[in-house]
Amino acid sequence: VPITPARKIWMDGDLVPWDEAKIHVLSHVVQYGTGVFEGIRCYQTPRGPAVFRLTDHLRRLFRSAVIYRTTIPYSLDELHTAIKDTIRANGLSECYIRPLAYQGYGEMGVNLFPTPAKVTIAAWPWGSYLGKDSVENGVRVKVSSWRRHDPNIVPPAAKATGQYINSALAKAEALEAGYEEAVMLSPLGHIADGSGENLFVIRDGELLTPPESAGILLGITRDTLIRIARDHGYKVQQRNLVRSDLYTADEAFLCGTAAEVVPVRDVDGRVLGTNGRGPITKELQEAFFAAVRGESEQYAAWNELVG
Ligand SMILES: Cc1ncc(COP(=O)(O)O)c(C=O)c1O
């Protein structure tokens, strides 16, 4: 998905012109993938631009940093303010926001302690990650031959730059095979998540989604949809799923900040019950978009106004 440049990128307190936001090629993060990051969206709401669950995203960033021994040289409140400053400095209302805390330039070698951690925040306009038609028409998904990380090898609970080479392998395989997205299994063979999304299966009117122990990223969109589905009266279970649960689903959808909520049309060539967007998926999508766009009083606390 091409990047639409904006004006400025926040780099350790300075708003730097977009084309000048550069780091040294020998930075630890470039050589070893030692950066923790977030993907966040800001939406236009009736009360002005609002970042969806910004505080929850920043909490996850700090948890990722704890896992990777990254000392972020700012507080959560400082980054909260810096993100809003970056959105305002770019004159954006609807945008994707990418904060990154990374090990910078210092020493060579895998020991990350001697290199200082730095922070950048970029924001730019970005459409739906899986394509503009994906939200209505759904996507074709392949169960990948690549497995998700074992939590004792690379912890899937953290959102770190280097971890995404695993997702990149799965995504490339799926695209080459004519699918739009990959779903990865855990080392034990349970469904984990997509290359950049969590997954829900709907069967007999009930929602099923893999638990944290399956090696998923604990998605904020996943959490949002669990809450919305329960508020709509659906039962939601977080339990281990295997690939046949996906093949025999009445409906399924992928969800994440970048992709938003995208129906799964078929899995490994098996068309799901509804051949497109199922009725429960559509109902939850509508409630999700109302929530992020600040149209639901019930979820207004999730709309953190840029001001
Ligand atoms: C592997 C993976 N799973 C799930 C998600 C969804 O997380 P969220 O809803 O917080 O964006 C993402 C996106 O960041 C991801 O990369």
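In listed order, ligands and their atoms are each counted from 1. When a residue number appears, it is its place in the shown sequence, counting from 1.
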For Arg60 and Glu38, what are the C-alpha separation, side-chain angles and deciding distance, and is it a salt bridge (Lys or Arg N to Asp or Glu O under 4.0 Å)?
CA-CA 8 Å; Arg60 188 172 65 186; Glu38 273 303 316; 2.8 Å; yes
Could you work out, with salt bridge (Lys or Arg N to Asp or Glu O under 4.0 Å) as the rule, every residue matching Arg148, not counting sequence neighbours?
Asp193
Quick check on salt bridge (charged side-chain N to carboxylate O under 4.0 Å, His left out): which of Lys142, Lys171, Arg140 does Glu181 satisfy it with?
Lys171
Under a 3.5 Å cutoff, is there a donor and acceptor pairing between the side chains of Gln163 and Tyr68?
yes
Can you name the nearest heavy-atom pair linking Ala192 to Pro210, along with the distance?
O-CG, 3.4 Å
Given the rule in the salt bridge (Lys or Arg N to Asp or Glu O under 4.0 Å) test, do Arg203 and Asp250 qualify, once you have shown the distances and angles that lead to the verdict?
CA-CA 5 Å; Arg203 201 160 53 203; Asp250 298 329; over 6 Å; no
Does ligand 1 have any N/O atom under 3.5 Å from a protein N/O, and what are those pairs and their distances?
from	atom 1	to	atom 2	distance (Å)
ligand 1	3 (N)	Asp193	OD2	3.1
ligand 1	9 (O)	Ile220	N	3.3
ligand 1	9 (O)	Thr221	N	2.9
ligand 1	9 (O)	Thr221	OG1	2.6
ligand 1	10 (O)	Arg60	NH1	2.7
ligand 1	10 (O)	Arg60	NH2	3.0
ligand 1	10 (O)	Ile220	N	2.8
ligand 1	11 (O)	Thr257	N	2.9
ligand 1	11 (O)	Thr257	OG1	2.7
ligand 1	14 (O)	Lys159	NZ	2.5
ligand 1	16 (O)	Tyr164	OH	2.5

